[in-house]
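One structure is given below, encoded as structure tokens.
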Amino acid sequence: MSIAINPNLDRWLGLEGDLRNNVASTLASVANRYKTPSEISMKSQNSILAVDGFEVERWTEESLSNGHSGICLLMGELDYLQPDAGWDYIGHQYLKELQNKLEQTGLHDLSLYGGLPGVLVAIRSLSRRGTRYQSMTEGIATWMEELAIKKVNELVENWGSTDLKIGDYDTILGLSGLGRVILSYYDRPGMKKVWEQIVNWFKLYCAKKEIGEETVPGWHISARSQFHASETNQYPSGNFNLGLSHGIAGPIALMSIAILKGLPAEPFKDQLSKLTDWLVQWKVNGEDGIYWPGRVSYEEWKLGNLHVENKMHPRDSWCYGTPGIARAIWLAGNALENKELSNLALESYLDMEKRIDMDGGLISPTVCHGLSGWLLLIQRMYSETGEERLRMMRDRLVEKTLDFYKADSIFGYCDINWIDNKLQYIDEAGLLNGAAGVSLVLASLLSDKSPEWDQVLLIK
């Protein structure tokens, strides 16, 4: 299938009419619940869930995923929409809470969603285009540069001597997330030095490596380096993670964004092309359209084909689903000026129309694994292509997201999950799995400009 497209990667086509008014009304109701940072913290305390034998924290004050840093992004977007409504002052209170926490505990974490990069994004979101918080920005950026150059150098020097871990390279914990923030501050000499080492590391990541007598792609994850014991048992010979949150789609998106931002591409263009082609080869042409599995096992890689059970359609989420993976391919297609890749990505998005009546297999309204994440990705693709079918899909997803609003919940939206064989509604305040993320997507749909905040999802 060939699709005529002339993408405009800077265009943003927001909502109009009654649907816009409905979004504005729901957003106002949710946003009012976030006016007092201390109350948000209090309502989120002791938010620990037992999931399949693991304890999962639902609130960490300094984090981007489920803390004050993520909520700052919402305050920044609300401040842009209503510059005289005092959201900048409320955002300042969140920053003060964040600063107090950092002074108490210090922060050496370099993950985007749990550490300094997320704090830097939070400050930037409230800076009114860099006119505020210059001193705070300078301090955090300098500290991050010092820690990052050491970390990346260590990863480069130790390549091949230890197992590759998902947290080394991915969006949530690793170099993909860190690298995206570095691109936003590339004019700083310290950030440029870190970026140069990330490029060196990316070349190693894309090369082949030896495991015993076998030569495998560098992004193979061994059984002992999986996140959970269940995955270790499921993949005794390891696997290859494809998703945008924890898989190879993250490095693909990062390097594509670097090229689209005008950085010199020659050092890594060939590797990007090869990695993207490898990802493309695992697409499934199913009855419900084109989609990708979240992981490919070592045995499937050896066979060169997916097992039947892995050809079943996964949910259409940002984290592991086709929306995130295809978005990375779309970015690569534009960066490499490869229309075949761009056409494939857009075709896979248009195929999602076949799955929209079933909510793409999603049961939650949240960003990470829910409807609002899918909605945001559809919105990006619609804005950049002007494809009318994507607009219609966007509007339907807006309506579905609004239907999840719960007036009697603590934050307005709940994260909904099957946990220990039970459907649970969880009140969570944060960005990735909470009401702040859903509200941030809704707020962005009211904007007259392309938002910056979703850089943290590596989709722009």
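Fair warning: this is a prediction, and the values are worked out from it, not measured in the lab.
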**OP:** Looking only at non-hydrogen atoms, find the nearest pair between Cys414 and Thr366 and report the distance.
**Re:** O-CG2, 4.3 Å
Subject >> Test item: side-chain donor near acceptor, Arg180 and Ser184, under 3.5 Å >> reply: yes
**OP:** Verify side chain to side chain donor-acceptor pair (under 3.5 Å) between Asn343 and Glu340, making sure each step is shown before the conclusion.
**Re:** CA-CA 5 Å; Asn343 281 333; Glu340 185 176 346; over 6 Å; no
**OP:** Using the salt bridge (charged side-chain N to carboxylate O under 4.0 Å, His left out) rule, take Arg124 and Glu452 through it: C-alpha gap first, then chi angles, then the decisive distance, then the call.
**Re:** CA-CA 10 Å; Arg124 184 183 180 95; Glu452 185 182 72; 2.8 Å; yes
Original post:
Would a distance-only check, ignoring hydrogens and angles, find a side-chain to backbone donor-acceptor pair under 3.5 Å from Ser69 to Glu62?
Top reply: yes
Original post:
Should Arg327 and Glu384 count as an ion pair when the cut-off is N to O under 4.0 Å?
Top reply: yes
Original post:
How long is the gap from CZ on Phe411 to OG on Ser44, to the nearest 0.5 Å?
Top reply: 4.0 Å
**OP:** Show your reasoning for whether side chain to side chain donor-acceptor pair (under 3.5 Å) applies to Tyr94 and Glu61.
**Re:** CA-CA 10 Å; Tyr94 277 101; Glu61 289 188 348; over 6 Å; no
Original post:
Can you tell me if Arg315 and His369 form a side-chain donor-acceptor pair at under 3.5 Å?
Top reply: no
**OP:** Can you measure from CD1 (Ile198) to CD (Glu196) and round to the nearest 0.5 angstrom?
**Re:** 10.5 Å
Subject >> Taking every non-hydrogen atom, the tightest pair across Tyr413 and Thr26 >> reply: OH-CG2, 3.7 Å
Subject >> Working for side-chain contact (heavy atoms from CB on, under 4.5 Å), residues Asp351 and Tyr291 >> reply: CA-CA 9 Å; Asp351 279 354; Tyr291 48 84; over 6 Å; no
**OP:** Give, for atom CD1 of Ile459 and atom CG of Leu244, the distance between the pair rounded to the nearest 0.5 Å.
**Re:** 8.0 Å
Original post:
Are any non-hydrogen side-chain atoms of Leu341 and Asn334 less than 4.5 angstrom apart?
Top reply: no
**OP:** Check whether any side-chain N or O of Ser450 sits under 3.5 Å from a backbone N or O of Trp12 as a donor-acceptor pair, and report yes or no.
**Re:** no
**OP:** List the steps, then state whether side chain to side chain donor-acceptor pair (under 3.5 Å) holds for Ser29 with Tyr405.
**Re:** CA-CA 10 Å; Ser29 178; Tyr405 171 69; 2.5 Å; yes
**OP:** With side-chain contact (heavy atoms from CB on, under 4.5 Å) as the test, would you mind laying out the steps for Tyr205 and Leu164 before giving the verdict?
**Re:** CA-CA 9 Å; Tyr205 178 78; Leu164 174 68; 3.9 Å; yes
**OP:** May I ask you to check if Arg380 and Tyr349 form a cation-pi contact, with NZ or CZ under 6.0 angstrom from the six-membered ring centre and within 45° of the axis?
**Re:** no
Original post:
Does the side chain of Ser225 come under 3.5 Å of the side chain of Ser222 through a donor N or O and an acceptor N or O?
Top reply: yes
**OP:** Report the C-alpha distance between Phe240 and Trp278 in whole Å, list the side-chain angles of each, state the deciding distance to 0.1 Å, and finish with yes or no for ring pair (Phe, Tyr, Trp, His ring centres under 6.0 Å).
**Re:** CA-CA 11 Å; Phe240 303 88; Trp278 191 92; 5.3 Å; yes
**OP:** Could you tell me whether the side chain of Glu300 reaches within less than 4.5 Å of the side chain of Asn310, counting heavy atoms only?
**Re:** yes
Subject >> Interatomic spacing from CH2 in Trp201 to CG in Asn153 - rounded to 0.5 Å >> reply: 14.0 Å
Original post:
Is there a side-chain contact (heavy atoms from CB on, under 4.5 Å) between Ile259 and Leu263 once you walk through the steps?
Top reply: CA-CA 5 Å; Ile259 294 173; Leu263 273 66; over 6 Å; no
**OP:** Please name the pair of heavy atoms, one in Leu377 and one in Gly324, separated by the smallest distance, quoted to 0.1 Å.
**Re:** CD1-N, 4.0 Å
**OP:** Assess Lys261 against Tyr186: is NZ or CZ under 6.0 Å from the centre of the six-membered ring, and within 45 degrees of the ring's axis?
**Re:** no
Subject >> Polar side chain donor-acceptor pair, Gln234 to Ser230, under 3.5 angstrom >> reply: no
Original post:
Does one side chain, of Thr215 or Glu210, offer a donor that lies under 3.5 Å from an acceptor on the other?
Top reply: yes
Subject >> Glu299, His220, Lys302 screened by side-chain hydrogen bond (donor to acceptor under 3.5 Å, both in side chains) with Ser237, the one that passes >> reply: Glu299
Subject >> Interatomic spacing from OG in Ser297 to CD in Glu231 - rounded to 0.5 Å >> reply: 13.0 Å
**OP:** Could you go through the salt bridge (charged side-chain N to carboxylate O under 4.0 Å, His left out) check for Asp270 and Lys274 one step at a time?
**Re:** CA-CA 6 Å; Asp270 286 345; Lys274 291 175 183 176; over 6 Å; no
**OP:** Go through the steps to decide whether Tyr320 and Asn241 satisfy the test side-chain contact (heavy atoms from CB on, under 4.5 Å), and finish with yes or no.
**Re:** CA-CA 9 Å; Tyr320 273 94; Asn241 196 305; 3.2 Å; yes
Original post:
More than 12 foreign heavy atoms under 6.0 Å from NZ of Lys193: is that the case here?
Top reply: no
Subject >> Closest non-hydrogen atom pair, Ala429 against Ile40 >> reply: CB-CG2, 3.8 Å
Original post:
So Ser317 and Trp374, side chain to side chain donor-acceptor pair (under 3.5 Å) or not? Walk me through it.
Top reply: CA-CA 6 Å; Ser317 62; Trp374 189 19; over 6 Å; no
Original post:
Roughly how far, to the nearest 0.5 Å, is CD1 of Ile172 from CG of Leu432?
Top reply: 5.0 Å
**OP:** Take His68 and Trp59 through the test ring pair (Phe, Tyr, Trp, His ring centres under 6.0 Å) and record every step on the way to the result.
**Re:** CA-CA 9 Å; His68 292 312; Trp59 178 255; 5.3 Å; yes
Subject >> Carboxylate-amine/guanidinium proximity below 4.0 Å for Arg58 and Asp415 >> reply: yes
